[in-house]
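All remarks here apply to the structure that follows.
Throughout, a chain's letter reflects where its sequence line sits, starting with A, and its residues are numbered from 1.
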Amino acid sequence: MSQLEITNLHVAIGEKEIVKDLSLTIRSGEVHAIMGPNGTGKSTLSKAIAGHPDYTITSGDVRLDGKSILDQEADERARAGLFLAFQYPSEIPGVSIANFLRAAQQARMAEGEELDASAYYKRLYSKMDLLKIDRKFTSRSVNDGFSGGEKKRCEILQMAMLEPKFALMDETDSGLDIDALRIVADGVNTMRSPNLGVLMITHYQRLLDYIVPDHVHVMWDGQIVKTGDKSLALELEAKGYDWVKKELAAATG
Amino acid sequence: MSASTLTETKSLTGSFTAEAFAAHLAGLPPLPPWWLDRKRAAFERFASLPMPSATDETWRFSNRSTLTLDGFQLPPTSASAASLHAPIGIKKSAKLVFVNGRLATRETLAADLAQRGVIVDTLQNALHQHGDRVREHLLAQPARLGSAKFAALHEAFLTDGAFISVPKGVEVELPIGVFSYAAGAGAAVFPHTLVVAGDNSKVTVVEYFGSSVDADAHFAVGANDLYASHGAHLTYIGKQDWSLRTLSFQLNSTIVRRDARVQSLNLHLGARQARHESLSQLQAPGAFSEMLALTVAHDAQEFDQRTLQIHEAPNTKSDLLYKNALRDRAKTIFSGLIVVDPDAQKTDAYQSNRNLMLSDDCEASSLPGLEIQANDVRCTHGATTSRIDPEQEFYLQSRGIAKEAADELLTFGFFEDVLNRLASDELHAALRTLIQSKFKK
């Protein structure tokens with residue numbers, strides 16, 4: 001059982017504070033959804049946890065199984081078990097998905113140890129079969145000229161291969177039509193297990209029709225302002241974010 | 001003679017003095033008179049030509065302060081092949097291994113190829129046995145790209161090299177390997193490879209330049225002459241892997257005749273400062289020269305590449321693609337010129353230099369050029385320099401791939417289209433392995 005613990009986290013981009021005193025704990029096997037309107041700091045939260053150099057953590061802590069990860073580079077955090085599924089994945093021309101994933105696997109091995117190529121391909125193909133991805137996909141350059149749906153499937157395939165302890169999924173549903181959304185959601189559901197914790201960031205409730213969360217949090221102005229179960233997402237869908245805003249205004253008077 | 005004149009003389013020749021030249025000649029077996037005359041004339045040129053100067057356009061952007069003959073000398077004649085890196089194992093039809101300019105080991109051709117007239121031999125033997133052919137092609141083109149002094153030094157002190165000749169209509173399936181090593185501190189070497197591909201013949205030559213494992217500083221001034229006769233297909237792969245303290249010059253001359261095709265790929269990995277000059281002459285209709293180069297530059301290495309594509313006949317084609325991946329404080333220079341003669345109509349010439357900057361401190365200079373005197377031609381040239389996008393870097397890191405491995409991955413991605421031009425998967429794989437070794441250094 002693993003645990004990702006975010007405590008009193010403050011994140012700034014340059015001088016501007018975006019995430020303000022946010023605390024959240026995710027355990028293996030749980031799926032948490034963070035919802036909120038644009039500009040409330042949802043993506044900032046996920047990138048800061050993953051170690052993006054543009055995001056400065058000014059105070060607070062992020063601990064993976066009790067150990068702070070804040071002094072680790074992004075690649076160390078990834079090897080420790082974090083995975084960020086990007087909203088806008090980068091294109092890497094000339095590097096095939098197969099070679100890219102191979103390098104990522106190799107990075108997780110001890111120095112001097114060589115990846116067993118045939119075992120690697122066997123595993124890659126079994127994951128692709130599981131996610132119903134055509135094998136021809138692996139010879140294409142990473143995200144190069146991919147449609148929105150293909151990019152997101154590529155992210156899911158990487159997640160399946162790297163088997164993280166915790167996945168941070170940043171607006172995985174953005175830019176997807178309903179068919180693509182269903183495929184991606186199926187992929188995530190296939191991977192749900194007692195060994196994986198998921199933090200799903202989304203603007204819309206519709207993703208949660210397909211990936212049913214255990215916990216739903218509403219983020220507003222850099223903070224989690226409301227937490228509930230999956231019914232909270234439905235309530236938000238019905239009442240809109242203005243409802244949260246009004247409640248907040250009433251509470252703070 | 002005044003002291004200042006003495007100093008001047010020394011700086012022009014280093015230890016490559018008239019005495020050293022006389023000793024060099026005395027140590028050689030008897031030479032054909034024409035070759036002896038040429039060597040003598042070459043020494044005179046070398047001794048009288050100035051070192052590259054600040055005002056010399058052909059040396060623009062090059063670091064001239066580190067160009068020096070001092071500290072280098074002709075190596076002792078005895079050198080063993082014991083302390084050499086194991087060459088990369090691909091199947092070959094024949095192999096010559098030179099250490100400090102002298103043949104150390106060889107693997108001879110299969111009997112059937114020898115019977116059909118294919119020759120893979122030393123230049124020393126060929127000067128006597130195939131004198132006319134050697135005389136016609138050996139260093140037949142003047143050095144036009146700035147290194148006339150070093151070309152003259154090469155010619156004067158050339159001891160031995162490879163002579164490869166494939167007769168009309170013969171196809172040599174497996175590559176022919178030529179290995180040149182330098183051994184001992186300060187050793188100066190002058191490797192040479194001469195390839196004559198006869199009418200409609202087909203041959204691949206793979207050349208490797210490396211230092212003994214002790215990684216001393218060496219001085220290498222190599223040259224090759226590639227001649228593709230009518231309809232010939234000649235593939236040349238050069239792998240420059242000198243020690244990282246070496247000063248290297250490599251001067252190439254390619255002549256392509258009617259309907260012949262030459263594909264050359266030079267991989268640049270070694271040396272502290274490496275100058276590569278490449279000349280392609282398209283002499284008859286249907287000639288095609290494909291000039292490819294890949295460079296991985298790291299630390300404070302400087303790679304200086306100067307090219308010239310000359311279209312002398314109508315309906316000729318040249319296609320140059322030089323790609324440099326730069327890390328740390330490394331520096332690359334590319335200067336290329338396409339010349340189209342007045343009657344070379346329907347020329348199709350392409351020249352491209354692409355640089356991938358993997359650090360903020362590296363520097364790439366690019367000087368593409370055209371000189372077109374015909375009016376019905378298609379000439380394209382261009383240079384691009386791209387930096388790693390920080391988002392791309394973060395993406396790779398977020399998958400657990402550290403900076404070093406990310407650089408390697410991106411470099412291979414960048415090189416992929418050049419490597420894919422090789423017809424042989426085995427050569428492709430051998431080049432990949434060698435490139436990977438540079439990232440492990």
Side-chain angles (χ1 to χ4, degrees), chain A residues 46-55 72-109 111-112 114-115 139 141-144 151 154-155 157-159 161-164 167-168 170, chain B residues 292 294-296 321-326 352 354-360 384-422 425 428-429 431-433 435-441:
Chain A
S46 65
K47 285 190 173 166
I49 295 171
H52 194 296
D54 289 354
Y55 300 80
Q72 296 180 342
E73 296 286 332
D75 56 301
E76 293 174 83
R77 297 184 195 191
R79 293 195 297 272
L82 285 188
F83 181 88
L84 174 63
F86 284 67
Q87 182 177 8
Y88 303 110
S90 286
E91 300 186 2
I92 309 179
V95 178
S96 70
I97 290 176
N99 283 340
F100 177 62
L101 277 168
R102 212 173 146 159
Q105 295 276 326
Q106 182 71 52
R108 284 161 173 77
M109 300 175 74
E111 198 156 338
E114 282 294 325
L115 190 69
S139 57
S141 293
V142 179
N143 298 322
D144 191 13
K151 282 184 180 169
C154 183
E155 295 292 288
L157 174 62
Q158 292 173 44
M159 183 173 149
M161 281 299 282
L162 299 177
E163 293 181 344
L168 315 167
D170 188 8
Chain B
L292 306 170
L294 297 173
T295 306
V296 183
L321 178 58
Y322 277 32
K323 286 195 158 188
N324 302 318
L326 296 92
S352 174
R354 301 194 186 283
N355 303 303
L356 177 69
M357 318 290 271
L358 294 157
S359 85
D360 292 333
T384 58
T385 293
S386 51
R387 273 186 197 280
I388 291 276
D389 169 2
E391 290 304 319
Q392 224 175 18
E393 205 168 344
F394 175 63
Y395 189 70
L396 289 159
Q397 276 198 314
S398 76
R399 298 310 181 237
I401 303 168
K403 166 86 177 139
E404 182 85 358
D407 280 1
E408 182 178 336
L409 196 65
L410 291 166
T411 299
F412 274 109
F414 178 60
F415 285 173
E416 193 63 17
D417 60 343
V418 172
L419 291 171
N420 280 342
R421 298 221 200 164
L422 292 173
D425 289 343
H428 187 141
L431 283 169
R432 282 190 83 96
T433 305
I435 295 167
Q436 272 164 356
S437 74
K438 171 123 187 185
F439 284 91
K440 294 195 175 82
K441 271 176 188 162

More than 12 heavy atoms of other residues, nucleotides or ligands under 6.0 Å from CD of B:E391: is that the case? yes
Chain B contact via A:I92 - side chain, backbone, both or neither, heavy atoms under 4.5 Å: both
Report which part of A:F100 has an atom under 4.5 Å of a heavy atom belonging to chain B: side chain, backbone, both, or neither. both
Side chain to side chain contact (heavy atoms under 4.5 Å, CB included) evaluation trace for A:D54 with B:F394: CA-CA 10 Å; A:D54 289 354; B:F394 175 63; over 6 Å; no
If we ignore hydrogens and angles and just use 3.5 Å, is the side chain of B:R399 paired with the main-chain N or O of A:D75 as donor and acceptor? no
Under 4.5 Å to a heavy atom of chain B? For A:P164 that would be neither
Could you tell me which portion of B:A405 (side chain, backbone, both or neither) has an atom closer than 4.5 angstrom to a non-hydrogen atom of chain A? neither
Looking only at A:E76, A:E155, A:R77, the option with the highest number of non-hydrogen pairs under 4.5 Å against chain B is A:E155
If you measure from CD1 on B:I401 to CD on A:Q105, what distance do you get to the nearest 0.5 Å? 10.0 Å
Exercise: identify the closest heavy-atom pair between A:A107 and B:G400: CB-O, 3.2 Å
Pick whichever of B:E393, B:Q392, B:E416 has the most heavy-atom pairs under 4.5 Å with chain A. B:Q392
